[in-house]
Structure formats: structure tokens, C-alpha cells
Colleague: 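Sharing a structure below in C-alpha cells format, with a few things to ask.
These numbers were taken from a predicted model, which means no experiment stands behind them. Scope of the values below: all heavy atoms of this structure, side chains included, with no hydrogens, waters or symmetry mates.
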Amino acid sequence: MSVVIIGGGQAGLQVADTLRTEGYEGTIHVIAEESGLPYQRPPLSKDYLAPAQEPDPLPLRGASFFEDKSVTLHEGVQALAIDRAKRKVKLTEGSLDYDHLVFATGARNRMLNCPGASLPGIHGLRTLIDAEALHAALPTARNIVIIGAGFIGLEFAAAALAHGCDVTVLEFALRPMGRALTPVMGEWFAAAHRSQGVDLRLGEGIDRFEPGADDRVGAAVSTTGASYPADLVLVGIGVQPNDTLASDAGLETSNGIVVDETLRTADPAVLAIGDCASFPSARPSPSASGVGPECHRSGPSCRTHDPRG
Ligand SMILES: Cc1cc2nc3c(=O)[nH]c(=O)nc-3n(C[C@H](O)[C@H](O)[C@H](O)COP(=O)(O)OP(=O)(O)OC[C@H]3O[C@@H](n4cnc5c(N)ncnc54)[C@H](O)[C@@H]3O)c2cc1C
């Protein structure tokens, strides 16, 4: 028996751990395209960015986990294609046969495509590499503009304030964290951030970025025409599920890999879990407009418990 798990994040490692805890004795392979020991993402927008903090990523499991639990970690290896008829995963290095395949491929950041969006100094925050770049840039940054008042944007705003930066947040919607929180809670968070000195601009999206004297980002121009000086920009406008590998393999996707209540796809040998999965949800999510449910499946950008989408 062989289980292949694609993705070495929270979901993938939890699957491996639980299989062993529940007594599964077959082979377990975890395919992880990021190099190094799999790490926790939540601290990357919190303690990791604190002033005078020496960056130290928190591993999801200790180094001995893989040997102790007989889990083979293929780090720095990407899954490229699935042959469901042959139950085979093609990797950047060779291939693996499976009896059960688990997608735990997570999500990636949504990108902006407005003018100037690729100027140096404009960052995202998802991976350890992203966090390292921000950690290095924050001590010398002065004027920070954040696009998106979701959890990531507002956590980064707090971190930037702690570095003594001037912080402006542009949010297209009329309240922060609208996909996840009720209006009352959103207003509470807006007031809390403003009281700490964040210039939170609601109902104001990004129109374009303009270069400064050094060809790095110099200003963010909003949809109202207002121009905000910016030597560092964080884009936190949500995520989209990594579901292309699954759709290329003929599996149904809809804001994530479509699974049932037991996380199975229509193929009984294939499952999906975590940010890449779109699963039935009994609870409607608070909509950005606050008028009611917008979807009854939970994926990374439409979920009831984790609003980072
Ligand atoms: C900065 C930050 C702060 C957060 N803070 C919180 C918080 O406070 N509370 C909370 O509940 N949630 C938080 N989250 C969200 C939480 O981290 C995610 O929900 C969680 O990481 C999802 O786990 P996952 O395993 O599904 O996906 P991921 O963590 O995205 O892991 C998926 C992994 O699969 C890999 N992968 C993808 N495709 C392939 C492939 N083809 N081959 C091999 N590997 C592949 C990816 O590189 C990635 O390493 C935060 C997220 C971020 C980015």
C-alpha cells in the first residue's frame, strides 16, 4: 500500500501524521516543492517580522518526525502531472506509484495586474522567502502602503507600525475582513487599527503604482486619484487554490478541488485537504456586502473559518 501526499504544508503533514497515529503501516511519501523542513506560515506575518527579532522559522514537525514515523519527505521536488489510470505521479525527479493520492497543494497569492505592479519594492507574503524579504526591508522602510485590509494586510500593518513606519492601507470594500467577519467585528478592527495610527482607507482600491527616483516603487495612486508615498508595498488581496494539477488530471475544480464531506474527489483513490480543497459547508460565510451567504462550498477564498482569501 502506498499513499502519496502532494504538498508539505500544514494539511499534508497532518495527513501523514494521522495515518501513522491511526495505525496505517504502508508507505507514505510527501512531495514538497519548497526546500528545507516544512514550516508554519502563521508566524510569518506576526513574530517573524517583529523589530530586533532574529528570524527563526517554526517547523511544522521536528526533524526526527520523518524518520520516527517512516515518512519519506521529498523536499524541493515538484509534482508535475498525475496519470490516474496508471495511479502514477510524475515528479521533477522520477515518478511514484500510489494506491491513494492526497492533494494538499495549498494556495498561492492573488496578484495585481495594474500599471507598475511589478516594480521592485512591491511584495507578497505567503512563503518563508517572502517573509525573509520583508524582514530585511522593514528596518529601512518609511512609508508603507498595504493593498487589502484582510488578515494578512492588517497583521502586516501592525508589524510595520512596530518598526516606526507610516502605514496606509487601501481597501476596496467598505469594511475590513468583509469575507470573514460581521460588520460589527469589521468596524471594531477598523477602529482598533486606526487608534494605533494606521491610515485605513476604505472604499479605495489601487489604480497604479509609480516609480520613485531609483526606479523602485515610489507612490501608490488609488482609485480616487489620491497619491500615497510608498517605499514598500505589501499586496494582500487573497489567495487562489493550487488546483491546476488536479484539473489537468480530469478532476472537478470550483474554487479548489471539489471534494465531499469525507474529502474524497469523484475518484475514490484521490482526496484533497486544506487550502486547495473546496468542500461542502453547512454554514454560509458572511458576505462582503453583509447581505447574506455567497457560497455553500468552502475554498480558500470563500470559507467560513479562515478568511485569508
Ligand atoms: C503569512 C500567513 C499567516 C497566516 N496566519 C494564519 C493564522 O494566524 N491562523 C490561521 O488559521 N491561518 C493562517 N494562515 C493560513 C494558513 O497558513 C493556511 O490556511 C495553511 O497554511 C494551509 O495549509 P495547506 O497545507 O493547505 O497549504 P500550504 O500551507 O499552502 O501548503 C501547501 C504546500 O504545497 C506545496 N505545493 C503546491 N503544489 C505543489 C506541487 N505540485 N508539488 C509539490 N508541492 C506543491 C506548496 O509549495 C506548499 O508548500 C496564514 C497564512 C499566511 C501566508
Side-chain angles (χ1 to χ4, degrees), residues 9 33-59 106-172 176-177 193-194 196-201 204-222 226-239 308-309:
E33 66 185 359
E34 294 185 73
S35 297
L37 204 55
Y39 56 89
Q40 299 181 28
R41 295 192 198 283
L44 299 183
S45 51
K46 306 175 185 72
D47 291 356
Y48 193 91
L49 298 176
Q53 185 83 11
E54 267 314 302
D56 196 12
L58 276 177
R108 61 189 180 282
N109 285 346
R110 283 205 188 104
M111 311 291 286
L112 284 171
N113 59 8
C114 65
S118 55
L119 282 168
I122 301 177
H123 298 249
L125 177 51
R126 178 89 195 161
T127 65
L128 184 55
I129 291 172
D130 296 335
E132 282 168 353
L134 288 164
H135 182 270
L138 272 170
T140 53
R142 292 270 48 90
N143 296 299
I144 294 189
V145 172
I146 297 167
I147 313 300
F151 274 62
I152 299 292
L154 292 183
E155 285 178 359
F156 185 72
L161 277 186
H163 281 266
C165 302
D166 288 334
V167 180
T168 303
V169 179
L170 301 182
E171 168 56 57
F172 187 76
M177 297 179 282
H193 281 272
R194 283 177 170 144
Q196 297 297 309
V198 173
D199 183 8
L200 175 59
R201 304 272 167 166
E204 207 169 331
I206 182 71
D207 181 69
R208 63 185 185 278
F209 298 103
E210 292 179 341
D214 53 2
D215 279 343
R216 295 172 58 80
V217 66
V221 180
S222 85
S227 179
Y228 301 96
D231 46 51
L232 190 159
V233 170
L234 180 85
V235 179
I237 57 169
V239 296
R308 274 149 239 273

Colleague: For Glu132, what residues pass the salt bridge (charged side-chain N to carboxylate O under 4.0 Å, His left out) criterion, not counting sequence neighbours?
Modeller: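 Expected list: none.
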Colleague: Which value, rounded to the nearest 0.5 Å, describes the distance between Asn143 atom CG and Cys165 atom SG?
Modeller: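 That separation rounds to 8.0 Å.
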Colleague: Check Ala117 against Phe209 and note the closest heavy-atom contact, atom names and distance.
Modeller: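 Smallest heavy-atom distance, with atoms named: CA-CD1, 3.9 Å.
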Colleague: Considering all heavy atoms of both residues, which atom of Ser222 and which atom of Asp207 are nearest to each other, and what is their separation?
Modeller: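 Looking at all heavy atoms of both residues, the closest pair is O-CB, 3.6 Å.
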Colleague: Within the structure provided, determine whether Leu44 and Asp130 are in side-chain contact (heavy-atom separation under 4.5 Å).
Modeller: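 Leu44 vs Asp130: side chains apart.
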Colleague: Please examine the side chains of Ile147 and Val233, heavy atoms only from C-beta on, and report whether any two atoms are closer than 4.5 Å.
Modeller: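 With C-beta onward as the side chain, the pair touches.
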Colleague: What pair of heavy atoms forms the shortest contact from Ala131 to Leu49, and how long is it?
Modeller: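 In this case the closest contact between Ala131 and Leu49 is O-CD2, 3.9 Å.
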Colleague: So does Asp214 have more than 12 non-hydrogen atoms from other groups sitting under 6.0 Å from CG?
Modeller: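 Enclosed.
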Colleague: Please confirm whether the backbone N or O of Gly116 pairs with a side-chain atom of Arg208, one donor and one acceptor, at under 3.5 Å?
Modeller: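 Pair absent, no side-chain N/O of Arg208 close to backbone of Gly116.
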Colleague: Tell me if a side-chain donor or acceptor on Arg194 pairs with a main-chain N or O of Leu200 at a distance below 3.5 Å.
Modeller: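 Yes, the answer is positive, given that a donor and an acceptor are paired below the 3.5 Å cut-off.
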Colleague: Got a second to check how far His163's NE2 is from Thr140's OG1, nearest 0.5 Å?
Modeller: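 Output value for this atom pair is 10.5 Å.
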Colleague: Who pairs with Asp47 by salt bridge (charged side-chain N to carboxylate O under 4.0 Å, His left out), at least two apart in sequence or on another chain?
Modeller: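 Scan of Asp47 (salt bridge (charged side-chain N to carboxylate O under 4.0 Å, His left out), adjacent residues dropped) gives none.
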Colleague: Drop me the distance from Leu37's CG to Leu58's CG, to the nearest 0.5 angstrom.
Modeller: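 So the CG of Leu37 and the CG of Leu58 are separated by 11.0 Å.
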Colleague: Between Leu234 and Gly124, what is the shortest heavy-atom contact and its length?
Modeller: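 Reported closest heavy-atom pair: CD1-C, 3.9 Å.
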Colleague: Is there a donor-acceptor pair under 3.5 Å between the side chain of Arg110 and the backbone N or O of Gly238?
Modeller: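 Pair absent, no side-chain N/O of Arg110 close to backbone of Gly238.
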Colleague: Ignoring hydrogens and geometry, is there a side-chain-to-backbone donor-acceptor pair from Arg201 to Phe172 under 3.5 Å?
Modeller: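 Not confirmed, Arg201 side chain does not pair with Phe172 backbone.
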Colleague: Using every non-hydrogen atom in the two residues, find where Leu154 and His193 come nearest and quote the distance to one decimal.
Modeller: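 Shortest heavy-atom separation between Leu154 and His193 comes out as O-CE1, 3.3 Å.
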Colleague: Counting N and O atoms only, with roles assigned by atom type, does the side chain of Glu171 sit under 3.5 Å from a partner on the main chain of Ala149, one being a donor and the other an acceptor?
Modeller: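 Answer holds: yes.
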Colleague: Restricting to non-hydrogen atoms, name the atom on Gly205 and the atom on Leu170 that form the minimum distance, rounded to 0.1 Å.
Modeller: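 Between these two residues, the closest heavy atoms are O-CD1, 4.1 Å.
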Colleague: With heavy-atom distances below 4.5 Å as the criterion, would you say the side chains of Leu232 and Phe156 are in contact?
Modeller: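 Side chain of Leu232 against side chain of Phe156, heavy atoms only: contact under 4.5 Å found.
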Colleague: Can you tell me how far the OG1 atom of Thr168 sits from the OH atom of Tyr228, to the nearest 0.5 Å?
Modeller: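 These two atoms lie 7.0 Å from each other.
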Colleague: Quick one: does Asn109's side chain get under 4.5 Å of Val235's, heavy atoms only?
Modeller: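 No, their side chains stay 4.5 Å or more apart.
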Colleague: Distance from Arg108 atom CZ to Arg126 atom CZ, nearest 0.5 Å?
Modeller: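 Answer for the CZ-CZ pair, Arg108 versus Arg126, is 10.5 Å.
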Colleague: Answer yes or no: is there a side-chain heavy-atom contact under 4.5 Å between Leu138 and Ile144?
Modeller: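 Side chain of Leu138 against side chain of Ile144, heavy atoms only: contact under 4.5 Å found.
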Colleague: Let me confirm one number: the CD1-CD1 distance from Ile237 to Ile206, rounded to the nearest 0.5 Å.
Modeller: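 It is 10.5 Å, given to the nearest 0.5 Å.
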Colleague: When you measure from the side chain of Tyr39 to the backbone N and O of Leu128, does any donor-acceptor pair fall under 3.5 Å?
Modeller: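 A pair under 3.5 Å: yes.
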Colleague: With salt bridge (Lys or Arg N to Asp or Glu O under 4.0 Å) as the criterion, how do Glu34 and Arg41 come out once you've worked through the C-alpha distance, each side chain's angles and the decisive distance to 0.1 Å?
Modeller: CA-CA 13 Å; Glu34 294 185 73; Arg41 295 192 198 283; 2.9 Å; yes
